[in-house]
Amino acid sequence: MKKIIICNWKLNGNKKFIKKYIKILKKNKKLYKNNKISISPPIIYMDYTNKLIKNTNISLTSQNVDINLKGSFTGEISAKMLKKINTKYIIIGHSERRLYHKEKNNILLKKIIITKKVNITPIICIGENINDYNLKISEKICKKQLKYFIKKKGIKIFENIIIAYEPIWSIGTGKNASIKHINKINKTIRKYINNKNKKIKNKFKIIYGGSVNKNNANKIFNLKNIDGLLIGKSSININEFLKIIKNINK
Ligand code: PEP
């Protein structure tokens, strides 16, 4: 099965940058013929990017979504609107949104539900902070984050979704989690969900995010338990990103 690579550009880019990036990416399509690449630009450039990636195997990811489909919700964007422009994935619960926008589990759950409702795949980010990591309670924290959703909606909430394991201390810091740590947490998450109900068994994916770059991508990407990567900083520079996709397929 093809593994997924999500490029989270965060609040970066403009039309000129995107045009050039997609042009180079298209030229190098052989490099990622065995992977699924999805670009996540700022929302204002989603439709522009959508047009540029037409007839390619590159897809579109949204960095956010509202909990409502329409109505008086100034400044928001709906899952239906995102669906209309061919959005394939929506990132939910990124640590930057949890931190800067105070998004809590109850809001995240609503976002997951509305995303699934329009047949877009949610990418739910979970992960421990540096204190949890130092206290060696990463597994406990990740399970606790997942447990909230299970308690509220049952295990089926995880059917056909992607869980992004993103240790907060690793995002944008240049410090990736060790292979041993990533492996351990991924196994724990998989086992935790699989053990809840036989029906859910492996009907979800787990990807890793946190300071992935051209030097560490190969080892992380090729871990047996990992279904892909969520890349921030290193996905913004097209030359660095091409090196990553070259290296993971070596
Ligand atoms: C992210 O934004 O989800 C991320 C993993 O960022 P970075 O690759 O820069 O650590």
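Numbering of ligands and ligand atoms starts at 1, following listing order.
- Centroid-to-centroid, the aromatic rings of Phe17 and Trp9 come within less than 6.0 Å.
- Using a 4.0 Å heavy-atom criterion, the residues that approach ligand 1 are Asn8, Lys10, His94, Glu166, Ser170, Ile171, Gly172, Gly209, Gly210, Ser211, Leu230, Ile231, Gly232, Lys233.
- A search for side-chain hydrogen bond (donor to acceptor under 3.5 Å, both in side chains) contacts involving Asn34 returns nothing, not counting sequence neighbours.
- For the side-chain contact (heavy atoms from CB on, under 4.5 Å) test with Ser62, the passing option among Ile91, Thr115, Ile90, Ile120 is Ile90; the others fail.
- At a cut-off of 3.5 Å, with distance as the only test, no side-chain donor of Asn131 or Asn129 sits close to an acceptor on the other residue.
- Residues passing the ring-ring contact (aromatic ring centres under 6.0 Å, His included) test with Tyr48: none are found, sequence neighbours excluded.
- With sequence neighbours excluded, the residues that form a ring-ring contact (aromatic ring centres under 6.0 Å, His included) with Tyr133 are Trp169, His181.
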